[in-house]
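Both ligands and their constituent atoms are indexed starting at 1 by order of listing.
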Amino acid sequence: MQKTVVNSWNEWDPLKHVIVGRADDCHIPPEEPALDAKVPEDSDMRGQWGRRPQETIDRANELLDNFASILESRGIRVDRPTPIDHSKPAMTPDFRTESQFGCMPPRDVLLTVGSEMLEATMSYRCRWFEYLNYRPLMQQYFEHDPNFRHESAPKPRLTDADYHPDYLSDKIGVEKRLKWTAEKFFVTTEEEPLFDAADVLRFGRDLVVQHGFTTNLKGIEWLRRHFPDHRVHTVNFPGDPYPIHIDATFTPLRPGLILNNPQRRLPEEQRKMYRDNDWEIVDAAQPAHNTPPPLCYSSTWLSMNVLVLDPKTVCVEKSEVYQAEQMDKLGMEVVEVELRDAYAFGGGLHCCTADVFREGTCEDYFPNMDQSSV
Ligand code: DAV
């Protein structure tokens, strides 16, 4: 087996070692404030919770195993989490919720920056203990890589003070959500630092972080103090009524090129650093589907939740024909991967992975940066 080294500075350098999640024992968690805010009013998930049906778990695992094999056949080392018992309640002195979530999307929990893997605070109570699924791997990396830095952000208390009660009604409506999210009024408050790792994109020296339902401004400030050698940028994408995670909205493919969700465009005033450094931001292709699969938290825009293997090669979900066509036009070789039946377990090809090793070092892709862009 290749040597274990943790190192990854961006989203596109050649990938050599990655974690791929599992669908084992995945639950639809009971209602709780931040989770409810993400579930659309007309969703089939409203009002139900419990372990997902075994046949859907088996199917999702078949697809995830197959994705792992595709990566391995391309010389990429793949590790898998060790599922904990997600049927157990999550309980601390401050809260109790009757079940946990799962370990399909490691991207939400683990943020790799250079030789560090940082466990995010998370912002859902049902995901408070999710890092435990990855601890056997973290221990292994710690044993084998003398430079690996295993870090964990301060665990939040997640009392009711962390959530705006206005978001607790199940009849808010999309119009009001769009207004609120455009005003940056999200379900989470500024009680304490909160972030999910999937709200962060890595561009070498620069980290781009979405302020939304799962990451608050204190969470971004915490990241800024934690990574003093980086420039940390806060972004918003008005147009998304349920803004969690940046990776179905803003997708860097290689130095100088980013796909942006055309329904959630980066506002003009936040584009300066890209313009000043000759980065192109292009609209992503339309999704191939009009609706997400059953019991799914995510939107149809998982079409752009791709995994870049190197600056010329990208994994695209097999049914996302428009996205694949666009990649081809952009000069990328497309590796088709079937994953749609696993979307309900927590996302697409980017979500279900977490970087361990990509070649390359920390570079400055935005040398022309003035203070107003930081
Ligand atoms: O568009 O529902 C999904 C992101 C999952 N990590 C969306 C965002």
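For ligand 1, the atoms sitting less than 4.0 Å from at least one non-hydrogen atom of Ala248 are 1 (O), 8 (C), numbered in the order shown with element in parentheses. When each atom of ligand 1 is checked for a heavy atom of Ser298 under 4.0 Å away, the hits are 2 (O), 3 (C). Listed by atom number, the atoms of ligand 1 under 4.0 Å from His245 heavy atoms are 4 (C), 5 (C), 6 (N).
Between Leu266 and Phe237 there is a side-chain heavy-atom pair separated by less than 4.5 Å.
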Expected list for residues 340-347: side-chain donor-acceptor pairs under 3.5 angstrom, two or more places apart:
from   : atom 1 : to     : atom 2 : distance (Å)
Arg340 : NH2    : Thr291 : O      : 3.1
Asp341 : OD2    : Arg59  : NE     : 2.8
Asp341 : OD2    : Arg59  : NH2    : 3.2

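For atom 7 (C) of ligand 1, the nearest non-hydrogen atom of the protein is Ser299 OG, 3.4 Å.
Arg358 and Asp310 are not joined by a salt bridge, as no carboxylate oxygen comes within less than 4.0 angstrom of a charged side-chain nitrogen. A salt bridge is absent between Arg107 and Asp247; no separation between the charged side-chain nitrogens and carboxylate oxygens falls under 4.0 Å.
Here Cys351 has side-chain heavy atoms under 4.0 Å from ligand 1, and that is the only part of it that gets that close. Contact annotation for Arg264 and ligand 1: only side-chain heavy atoms (C-beta onward) come within less than 4.0 Å of the ligand.
Distances from atom 8 (C) of ligand 1 to the heavy atoms of Ile244, Asp247, Thr214 put Ile244 nearest.
By the 30° and 60° cut-offs, the orientation of the rings of Trp279 relative to Phe366 is parallel.
Under 3.5 Å, the side chains of Glu130 and His86 contain no donor-acceptor pair of N or O atoms.
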